[in-house]
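Written below as structure tokens is the structure these notes are about.
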Protein chains: 2
Amino acid sequence: MPDAPTAALDLVLELTVLLGEDMRRGLGELGLTETKAHLVFAVQHAGPSTQRVLADMLGVTPRTVTTLVDELGAAGVVTRESHPTDRRATLVTLTEDGAALGAGLVAGQRELAGRLFAGLDEDLPAFTRVLGEVVARLRALTEESA
Amino acid sequence: MPDAPTAALDLVLELTVLLGEDMRRGLGELGLTETKAHLVFAVQHAGPSTQRVLADMLGVTPRTVTTLVDELGAAGVVTRESHPTDRRATLVTLTEDGAALGAGLVAGQRELAGRLFAGLDEDLPAFTRVLGEVVARLRALTEESA
DNA sequence: GCATATCGTGAGTCTACTTCACTATGAACT
DNA sequence: AGTTCATAGTGAAGTAGACTCACGATATGC
């Protein structure tokens, strides 16, 4: 019989697997990978950004962003605009379609959240408290070993 | 301002990222990938198993298990034993080192769980309730679209 | 005893990333 | 001004971890 923390962690682990599958499936139907979706989110949130900045936000190398932007550009989701003051850099911006796509992603996520947590209002605050604390501890852990 | 379910899902998403990083880092130090660790867990839990069964448990193709077992064999973690009744099949079994490795993984996981959830006893039952329900719903979702 | 299914593996491919080298440009310092 | 050093993005090539396909060896059902 596992102790309560171990049982909780096991559930979390299972959740990550299921959630990952679900997201990949949903994104796949839109022709997106997780990283491409992440890039769309990033541009949506931060506005037009250089590829260097996007690389840092996504946690990938600049070279990877080049490819991502190439492919998202071919799909009509983003465009490369010239940077107003730095001629080395390009500003990645969302097209109209890209903005709609991003809005759709956010809406889909919100809808999934509603479906997953519906009717659990009573326990939800405690859930969120624990989750916040765990995330904070985990972040501290990973930073201390960086 | 996001609604509570959306905030909770965002936290979950962040947790999956951080937890994944942490696990990969820790496993990497032991020369393991996530899938190899999963295989060790599977054999530890189910006892000596055919590669076909392991493929199903890991959710990968049999071909992938061949490579996994090759490499774990080279590392001295598992061995291939002949199946007593089916001469096509091989039984993947843990070596003594492999069993120790598996036990270490379990211990490490338990220790991490303790560290992450320490002092949150009051909210932990609610947390686990929500998590269990969410996992169940997610599983239902993925199965209905299979 | 023969047709058909299953186990594991060689050969080759794919995807999402990486590193390295390079050009073009910017910034800082005499 | 010019020289030096750092930075933005990209071509070329490599890597890790999966996959498909085809095949030999064995098992199973009729």
Side-chain angles (χ1 to χ4, degrees), chain A residues 17 20-21 23-25 27-43 46 48-75 77-93, chain B residues 16-17 20-21 23-43 46 48-75 77-93:
Chain A
V17 172
E21 280 174 13
M23 293 204 50
R24 263 180 290 270
R25 194 176 48 73
L27 292 175
E29 288 171 5
L30 296 170
L32 289 178
T33 63
E34 266 175 299
T35 310
K36 284 182 192 173
H38 195 166
L39 192 150
V40 171
F41 275 129
V43 176
S49 312
T50 67
Q51 298 188 184
R52 186 63 177 85
V53 165
L54 290 173
D56 289 341
M57 290 200 279
L58 304 195
V60 298
T61 61
R63 187 60 185 84
T64 299
V65 174
T66 297
T67 304
L68 257 25
V69 173
D70 284 350
E71 294 175 356
L72 286 172
V77 176
V78 302
T79 58
R80 275 185 248 251
E81 307 292 336
S82 54
H83 191 288
T85 69
D86 187 340
R87 291 200 302 172
R88 293 169 305 178
T90 66
L91 283 180
V92 179
T93 66
Chain B
T16 67
V17 172
E21 280 174 13
M23 293 203 52
R24 263 180 288 271
R25 193 177 49 72
L27 292 175
E29 288 171 6
L30 296 169
L32 288 177
T33 62
E34 268 175 296
T35 312
K36 284 182 192 173
H38 196 167
L39 192 151
V40 171
F41 275 128
V43 177
S49 312
T50 67
Q51 298 187 185
R52 187 65 178 84
V53 165
L54 289 173
D56 288 342
M57 290 200 280
L58 304 196
V60 298
T61 61
R63 186 60 186 84
T64 298
V65 174
T66 297
T67 304
L68 256 25
V69 172
D70 284 349
E71 294 176 356
L72 287 172
V77 175
V78 302
T79 58
R80 274 186 246 251
E81 308 292 336
S82 55
H83 192 288
T85 68
D86 187 339
R87 292 200 301 171
R88 293 169 305 176
T90 66
L91 282 180
V92 179
T93 66

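Not measured: the values here are computed from a predicted model.
In this structure, of C/dG26, D/dG9, C/dT9, it is C/dT9 that holds the atom nearest to the side chain of B/R63. Closest to the A/T61 side chain, of the nucleotides D/dC19, D/dT10, C/dT19, is C/dT19. Of the listed nucleotides (D/dA27, D/dT10, D/dA18), D/dT10 has the atom at the smallest distance from the side chain of A/R80.
Separating the CD atom of A/E71 from the C1' atom of C/dA16 is a distance of 9 Å, rounded to the nearest angstrom. One interatomic measurement links the two molecules: CD of A/Q51 to C1' of D/dG11, which rounds to 14 Å at whole-angstrom precision. Atom pair A/L58:CG and C/dT18:P shows a separation of 10 Å (rounding to whole Å applied). Note: CG (B/D70) to P (C/dG8) measures 12 Å, nearest angstrom. The interatomic distance linking B/H38 (NE2) with D/dG17 (C1') rounds to 16 Å, in whole Å. At whole-Å resolution of the value, NE2 in A/H83 and P in D/dA8 are 10 Å apart. Whole-Å rounding puts the A/L68 CG to D/dT10 P distance at 12 Å. Per the geometry, CG belonging to A/L39 stands 14 Å off C1' belonging to C/dA16, to the nearest Å.
A/V60 comes within 4.0 angstrom of the backbone, heavy atoms only, and of no base. As judged by a 4.0 angstrom heavy-atom cut-off over every strand, A/T35 is placed among residues touching the sugar-phosphate backbone only.
OP1 and OP2 of D/dA16 both lie 4.0 Å or more from every side-chain N or O belonging to B/T33. One finds no side-chain N or O of B/T90 lying less than 4.0 angstrom from the OP1 or OP2 phosphate oxygen of C/dC7. Taking 4.0 angstrom as the limit, A/R88 places none of its side-chain polar atoms (N or O) nearer than this to OP1 or OP2 of D/dT7. The side chain of B/T64 places an N or O atom within less than 4.0 Å of a non-bridging phosphate oxygen (OP1 or OP2) of D/dC19.
Considering A/V92, A/T79, A/L32 as possible partners of A/L72, the one that fulfils the side chain to side chain contact (heavy atoms under 4.5 Å, CB included) test is A/L32.
The nearest heavy atom of DNA chain C to A/K36 and to A/R87 marks one nucleotide each, and the one closer to the 5' end goes with A/K36.
Within the 4.5 Å cutoff, the side chain of A/L91 has heavy atoms near those of the A/T50 side chain. Using a 4.5 Å heavy-atom threshold, the side chains of B/V69 and B/R80 count as touching.
A donor atom on one side chain and an acceptor atom on the other are not found under 3.5 Å apart for B/T67 and B/T64.
The pair B/E21-B/R25 does not count as a salt bridge, with every side-chain nitrogen at least 4.0 angstrom from each carboxylate oxygen.
At a cut-off of 3.5 angstrom, counting only N and O atoms as typed in the model, there is no donor on one side facing an acceptor on the other between the side-chain of B/R52 and the base of C/dG8.
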